[in-house]
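Right, one structure below, let's go through it.
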Amino acid sequence: MTTSTPTVVLVHGAFADAASWSGVIAELQSHGIPVIAPPNPLRGLASDAAYVASVAAQIDGPVVLVGHSYGGALITVAGTTENVVGLVYVAAYVLEEGESLGELQGRFPDSPLVSNLKQWTYPVEGADPAVEVTITPDAFPDVFAADVPADVTKVLAAAQRPLAAAAFEETAAAAAWKTKPSWALVACADHAINPEVERFGAERAGATIVEIEGASHAVAVSQPKQVAALVLDAVRATS
């Protein structure tokens with residue numbers, strides 16, 4: 001059975017997992033909105049976007065894609081999937097077709113994230129080990145979640161999921177915001193992505209923009225009701 005209410009697909013970013021959406025999920029479910037938060041592989045822009053697109057394509061009826069951080073780059077590409085009817089960017093990268101994360105970031109001053117990354121390696125079959133990055137534990141609270149209680153940030157820092165370094169250089173194969181309506185939340189106290197990067201991408205996409213003063217990168221954890229409110233706006237507009 002198809003439904004006219006879109007299913008919300010929440011795509012987490014780097015250094016987090018789907019549990020980071022818990023407060024947003026609870027809020028959306030309380031409004032009767034169907035929602036799923038799949039795992040983001042965090043291995044590369046093209047392959048991760050293809051995974052998100054495959055999740056969306058297997059859902060009956062319309063889908064609103066919501067991307068946090070690096071997840072924003074993924075929904076920009078995956079959003080070209082036929083049943084995707086809207087895009088919501090939460091403290092996210094909004095790429096242009098042919099643009100990489102590194103290129104978009106490079107237009108603006110570096111955030112504190114850049115100097116606080118720890119490199120790891122992981123095996124790749126038939127090739128040299130590849131590099132992945134996490135945020136150093138001591139810098140994690142300020143960089144990622146300055147408005148989240150300290151005991152929670154210690155857990156979040158320990159549970160980080162690394163991002164393949166190659167993801168910073170891959171370019172977006174498409175920009176779905178050119179044909180699909182978009183909404184964006186700018187976290188004004190973000191130390192992981194320069195808020196100017198978020199604002200620039202959102203304005204370029206013609207998104208409906210909400211700015212939250214004092215919000216850290218982990219705005220979905222610290223202010224789930226405000227994040228959910230923006231998602232609900234998108235759901236209502238596309239129903």
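We're numbering straight along the sequence, starting at 1.
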**OP:** Compare all side-chain heavy atoms of Arg161 with those of Phe15 and state whether any distance is below 4.5 angstrom.
**Re:** no
Subject >> Main-chain N/O of Ile59 paired to Asn83 side chain as donor or acceptor, under 3.5 Å >> reply: yes
**OP:** Could you tell me which non-hydrogen atom of Leu65 sits nearest to which non-hydrogen atom of Ala56, and how far apart they are?
**Re:** CD2-CB, 4.4 Å
Original post:
Side chain of Asn40, backbone of Gly71: donor and acceptor closer than 3.5 Å?
Top reply: no
Original post:
Judged by atom type as modelled, is there a donor-acceptor pair below 3.5 Å linking the side chain of Lys180 to the main-chain atoms of Gly79?
Top reply: yes
**OP:** Quick one: closest heavy-atom pair of Glu198 and Leu185, and the distance?
**Re:** OE1-O, 4.0 Å
Enumerate, atom names and distances included, each donor-acceptor pair closer than 3.5 Å involving a side-chain atom of residues 232-239, sequence neighbours excluded.
unit_1, atom_1, unit_2, atom_2, d
Thr238, OG1, Ala234, O, 2.7
Thr238, OG1, Val235, O, 3.3
Ser239, OG, Val235, O, 2.7

Original post:
Leu10, Trp177: one ILVMFWY side-chain cluster at the under-4.5 Å cut-off?
Top reply: no
Original post:
So, Asp48 side chain and Leu42 main chain: donor-acceptor pair closer than 3.5 Å or not?
Top reply: yes
Subject >> Distance-minimising heavy-atom pair for Leu45 and Glu170 >> reply: N-OE2, 3.1 Å
Subject >> N/O donor-acceptor pair under 3.5 Å between Asn116 side chain and Thr136 backbone >> reply: no
Original post:
Under the salt bridge (Lys or Arg N to Asp or Glu O under 4.0 Å) criterion, do Arg199 and Glu211 qualify, and how do the steps go?
Top reply: CA-CA 9 Å; Arg199 194 175 290 115; Glu211 303 211 0; 2.7 Å; yes
Original post:
Of the non-hydrogen atoms in Gly44 and Ala167, which two are nearest, and what is the gap between them?
Top reply: CA-CB, 4.3 Å
Subject >> For the student: nearest non-hydrogen atoms of Ser4 and Pro62, plus distance >> reply: O-CG, 3.9 Å
If you look only at distance, which donor and acceptor atoms sit under 3.5 Å apart when one is on a side chain in residues 85-98 and the other is two or more places apart or in another chain?
unit_1, atom_1, unit_2, atom_2, d
Tyr89, OH, Thr76, OG1, 2.8
Tyr93, OH, Gln105, OE1, 2.3
Glu96, OE1, Lys178, NZ, 2.8

Subject >> Residues which pass side-chain hydrogen bond (donor to acceptor under 3.5 Å, both in side chains) with Asp147, listed by chain and number, not counting sequence neighbours >> reply: Ser216, Ser222
Original post:
Once you round to the nearest 0.5 Å, how far does CD1 of Ile36 lie from CD of Gln58?
Top reply: 9.0 Å
**OP:** Apply side-chain hydrogen bond (donor to acceptor under 3.5 Å, both in side chains) to Arg43 and list each qualifying residue two or more places apart in sequence or on a separate chain.
**Re:** Glu132
Original post:
Is there side-chain contact between Leu117 and Thr134, with heavy atoms separated by less than 4.5 Å?
Top reply: no
Original post:
Is it true that Val66 and Tyr70 fall in one hydrophobic cluster, defined by side-chain heavy atoms closer than 4.5 Å?
Top reply: no
Original post:
Do Val210 and Val197 share a hydrophobic cluster, counting only Ile, Leu, Val, Met, Phe, Trp and Tyr and linking them when any side-chain heavy atoms are less than 4.5 Å apart?
Top reply: no
Subject >> Glu27 side chain reached by Pro224 side chain, heavy atoms, under 4.5 Å >> reply: no
Original post:
Are the side chains of Ser115 and Asp110 in touch, meaning some heavy atoms are under 4.5 Å apart?
Top reply: no
Subject >> Connected hydrophobic set around Val124, excluding itself, where side chains approach under 4.5 Å >> reply: Tyr122
**OP:** Flag the pair Thr7 / Val64 as yes when at least one side-chain heavy-atom distance between them is below 4.5 Å, and no otherwise.
**Re:** no
Original post:
For the atom pair NZ (Lys154) and CZ (Phe140), what is the distance rounded to the nearest 0.5 Å?
Top reply: 13.5 Å
Original post:
Out of curiosity, does Val143 fall in the hydrophobic cluster containing Val152 (side-chain heavy atoms, cut-off under 4.5 Å, transitive links)?
Top reply: yes
Subject >> Glu99 side chain vs Thr171 backbone, donor-acceptor pair below 3.5 Å >> reply: no
Subject >> Co-membership, hydrophobic cluster, residues Trp183 and Ile25, 4.5 Å side-chain >> reply: yes
**OP:** Any chance you could measure Asp17, atom CG, to Leu156, atom CG, to the nearest 0.5 Å?
**Re:** 8.5 Å
Original post:
At what distance, to the nearest 0.5 angstrom, does NE2 of His12 lie from CH2 of Trp21?
Top reply: 10.0 Å
**OP:** First locate atom CD of Glu169, then atom OG of Ser100, and finally report the distance between them rounded to the nearest 0.5 Å.
**Re:** 5.5 Å
**OP:** Search all heavy atoms of Ala174 against all heavy atoms of Val77 and return the closest pair with its distance.
**Re:** O-CG2, 3.8 Å
Original post:
Are the side chain of Gln160 and the backbone of Ala157 linked by a donor-acceptor contact shorter than 3.5 Å?
Top reply: yes
**OP:** May I ask you to decide if Ala192's main-chain N or O and Ser111's side chain share a donor-acceptor pair within less than 3.5 Å?
**Re:** yes
Subject >> Parallel, tilted or perpendicular: rings of His68 and Phe144 (30°, 60°) >> reply: perpendicular
**OP:** Report yes if some heavy atom in the side chain of Pro109 is under 4.5 Å from a heavy atom in the side chain of Asn194; otherwise report no.
**Re:** yes
Subject >> His217 side chain reached by Ile193 side chain, heavy atoms, under 4.5 Å >> reply: yes
**OP:** May I ask you to decide if Val186's main-chain N or O and Asp190's side chain share a donor-acceptor pair within less than 3.5 Å?
**Re:** no
Original post:
For Lys118 and Ile135, what are the C-alpha separation, side-chain angles and deciding distance, and is it a side chain to side chain contact (heavy atoms under 4.5 Å, CB included)?
Top reply: CA-CA 6 Å; Lys118 174 176 168 58; Ile135 303 171; over 6 Å; no
**OP:** Name all residues meeting the salt bridge (Lys or Arg N to Asp or Glu O under 4.0 Å) criterion together with Glu103; count only those two or more places apart in sequence or in a different chain, and write none if there are none.
**Re:** none
